[in-house]
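Each remark here refers to the structure printed beneath this line.
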Amino acid sequence: KDGGHSLHIMLMKHFLFYLITLTVCLPFASCSDEFAELPYAYDEISYRRGYDLDIPLETVVYIESQAEFDQLFADEETKPEASVPFSEGVLAIVKGEVGFGTSAPQRSLTLSGNRYLLSIRIFLPEVATTEITTWYVAYVIPKEYIGKVDLDIKYTK
């Protein structure tokens, strides 16, 4: 009978210990803008924003500093508001054009070995338009993956 009671007390002590440890450590592990978890999608540059960036089509372009970022948007009326943590990562941008109206590209970034695979799916409407639609996909990735992003772009109806 006593064994069950002392086991209960021991479990409560362990529970309290872990609860206190979690309460003390959690603020240090919380996310902040300074320590963003990489990679993440950078949605400030999308097909709806109207940018016309001077970068090659369907190629991953790596923006490695705030100066390069500012230069990229020098001719644009507006610049993206969200900052990029260049101390930890780089901005990887892909630009494409399609002679159809299109919805937002579906994209995914997956780690495969020591490289990333960036898959982009562009869904085309049944009826072609004469309007050229420019789309962008951008991610902030760790610096050590500069030059290690493989592209897989598919246009489907």
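Please read all numbers here as calculations on a predicted model, not as lab measurements.
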Atom of Trp135, atom of Glu97 and distance for their closest heavy-atom approach = NE1-N, 3.8 Å
Considering non-hydrogen atoms only, spot the tightest contact between Tyr42 and Pro80 and give its length.
-> OH-CB, 3.2 Å
Could you tell me the separation between the CD1 atom of Ile63 and the CD1 atom of Ile93, rounded to the nearest 0.5 Å?
-> 5.0 Å
Solution key, residues 53-62 side-chain donor-acceptor pairs under 3.5 Å, sequence neighbours excluded:
unit_1, atom_1, unit_2, atom_2, d
Glu58, OE2, Tyr155, OH, 2.6
Thr59, OG1, Leu57, O, 3.0
Tyr62, OH, Gly147, N, 3.3
Tyr62, OH, Val149, N, 3.3

Heavy-atom closest pair, residues Gly89 and Leu38 | CA-CD1, 3.8 Å
Do the side chain of Glu64 and the main chain of Phe86 share a donor and acceptor less than 3.5 angstrom apart?
-> no
Applying side chain to side chain donor-acceptor pair (under 3.5 Å), name anything that partners Asp75, two or more places apart in sequence or on another chain.
-> none
Could you walk me through whether Val84 and Gln66 pass the side-chain contact (heavy atoms from CB on, under 4.5 Å) check?
-> CA-CA 8 Å; Val84 175; Gln66 189 63 48; 5.6 Å; no
Kindly give the heavy-atom pair with the smallest separation between Glu44 and Glu81, and that separation in Å.
-> OE1-N, 3.1 Å
Out of curiosity, does Leu117 fall in the hydrophobic cluster containing Val94 (side-chain heavy atoms, cut-off under 4.5 Å, transitive links)?
-> no
Starting at CG of Leu72, measure out to CG of Leu91 and round the result to the nearest 0.5 Å.
-> 8.0 Å
Does Leu111 belong to the same Ile/Leu/Val/Met/Phe/Trp/Tyr cluster as Ile141, with side-chain heavy atoms less than 4.5 Å apart forming each link?
-> yes
Within a radius of less than 6.0 Å around CD of Glu144, do more than 12 heavy atoms belonging to other residues, nucleotides or ligands occur?
-> yes
Over all heavy atoms of both residues, which pair between Asn114 and Lys148 is shortest? Give the atoms and the distance, please.
-> O-CD, 3.4 Å
Check for a donor-acceptor pair, side chain of Tyr51 on one end and backbone N or O of Phe73 on the other, with a separation under 3.5 Å.
-> no
Can you tell me how far the CD1 atom of Ile120 sits from the OG atom of Ser108, to the nearest 0.5 Å?
-> 9.0 Å
What are the two closest heavy atoms between Pro142 and Val90, and how far apart are they?
-> O-CG2, 4.5 Å
Rounding to 0.5 Å, atoms CG (Leu109) and OH (Tyr116) come to a distance of 6.0 Å
Residue list, side chain to side chain contact (heavy atoms under 4.5 Å, CB included) with Arg121, at least two apart or on another chain | Gln106, Ser119, Phe123, Asp152, Lys154
Nearest-0.5 Å distance that lies between atom CG in Leu118 and atom CZ in Arg107 | 9.0 Å
Ile45 and Tyr40: same hydrophobic cluster, using ILVMFWY side-chain contacts below 4.5 Å?
-> yes
